[in-house]
Amino acid sequence: MTSRTVVRRTLAAAAVLALAAGCSARAADRSPGAAGPGPGDAVSAVPSPSDDGRPRGEGIEPSERPAPATRTTEPEPETETETETTKGKGEKEKERERRETGGAVLMRQGDQGERVRELQARLAQIGWFDTNPSSFYGTVTAASVRGFQGKRGLPSTGSVTTVTWDRLLGMTKRPTRAELDGRTVNKPKAKPDPRCLDGRVLCISKTTRTLSWIVDGTVRSTMDVRFGSQYTPTREGVFSVFLKSRDHVSTLYDTPMPYALFFSGGQAVHYSAEFAADGYRGASHGCVNVRDRAAVAALFDQVRTGDKVVVHW
């Protein structure tokens, strides 16, 4: 054997070894069972021929293409995950409706019964129902509920929803028989605002619609009050009495304002004959109306110019 023949055989063996090493490397780069060429594989630009000699995928009309495999098994029932998803969407929709309406409706206009009577008695405890409970849900009750809802940022529907009822239960006590019959009203004691506990203070709560005369943390008297409408609201905050006028008459509305205690511009605490006659069906022009003439007359005599006034929720 010549040296030239030996060299040729040596080079051929090296080429075979190199090709084998390259295939092993490409196989290692792909996961088992991976389809298609791997990194470094040569890709032919010409499709492989079909059984009839034509290139696969070319020149075949849709009608000639193999039909998809026919499903032989019955469709699987809806999975648990899909059911839960559908159910979740339904719950989200219900939750959205509850937020917009304030919950499910428990009582509405036209209803009647003992539960309506309890509703009216509870509203009376916090000054939102000014007539005797009748057990009939009429326009007056609907207006009272609407006002209660609006003051607390709830949807003002006039119907008692679960949210409205829960809020009312949290602010009132179970009515007594005397309250349900309209013979008395037991107003729950509201916790005074911390700003009312120091010095001589007219503490006025928009939540309970009451005015409490508090001296050094002790409540001397409490009376029903009403406030301005949404167009002429009673201002909130800390003020002081700057003027007392026993027989005052409004120069703006030409109406009597007996026992007026002015605390913010033209707004004052004073007796209102209209409030005494009509109750909460009306509103002031921004003043704090008192319907108990004897109570506000006694208050007028005790309050001094400079005493603090706190109007709060």
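No hydrogens, no waters, no symmetry mates; every other heavy atom, side chains included, goes into these values.
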Which residues satisfy the ring-ring contact (aromatic ring centres under 6.0 Å, His included) test with [X], sequence neighbours excluded?
X: Phe136; result: none
X: Phe227; result: none
X: Phe263; result: Phe239

Okay, side chain of [X], backbone of [Y]: is any donor-acceptor separation there less than 3.5 Å?
X: Arg117; Y: Leu180; value: yes
X: Lys206; Y: Thr234; value: yes
X: Gln109; Y: Gly158; value: no
X: Arg293; Y: Ala273; value: no
X: Asp166; Y: Val163; value: no

(request) Kindly work out whether a path of hydrophobic side-chain contacts (I/L/V/M/F/W/Y, heavy atoms less than 4.5 Å apart) joins Val225 to Val241. (result)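 Yes.
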(request) In plain terms, say whether Arg246 and Asp301 are close enough for a salt bridge, that is, a side-chain N and a carboxylate O under 4.0 Å apart. (result)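 A salt bridge is present here (some side-chain N lies under 4.0 Å from a carboxylate O).
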(request) Quick one: pull up CG in Leu261 and CD in Gln302 and give me the separation to the nearest 0.5 Å. (result)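 The distance works out to 11.0 Å.
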(request) Any chance you could measure His285, atom NE2, to Tyr253, atom OH, to the nearest 0.5 Å? (result)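 These two atoms lie 4.5 Å from each other.
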(message) If you apply the rule side chain to side chain donor-acceptor pair (under 3.5 Å), what do you find for Ser144 with Thr141, and how did you get there?
(response) CA-CA 5 Å; Ser144 299; Thr141 303; 6.0 Å; no
(request) For the pair Phe262 and Phe242, name the ring-plane relationship: parallel under 30°, tilted 30 to 60°, perpendicular over 60°. (result)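 The rings of Phe262 and Phe242 sit tilted, inter-plane angle from 30° to 60°.
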(request) Sequence neighbours left out, what passes side chain to side chain contact (heavy atoms under 4.5 Å, CB included) with Arg115? Give chain and number order. (result)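 Counting only residues at least two positions away or on another chain, Arg115 forms a side chain to side chain contact (heavy atoms under 4.5 Å, CB included) with Leu106, Met107, Trp165.
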(request) Identify, with sequence neighbours excluded, every residue that meets disulfide (SG to SG under 2.5 Å) alongside Cys287. (result)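 Cys287 satisfies disulfide (SG to SG under 2.5 Å) with no other residue.
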(request) Sequence neighbours left out, what passes salt bridge (Lys or Arg N to Asp or Glu O under 4.0 Å) with Asp307? Give chain and number order. (result)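 Partners of Asp307 by the salt bridge (Lys or Arg N to Asp or Glu O under 4.0 Å) criterion, ordered by chain and then number, come out as Arg200.
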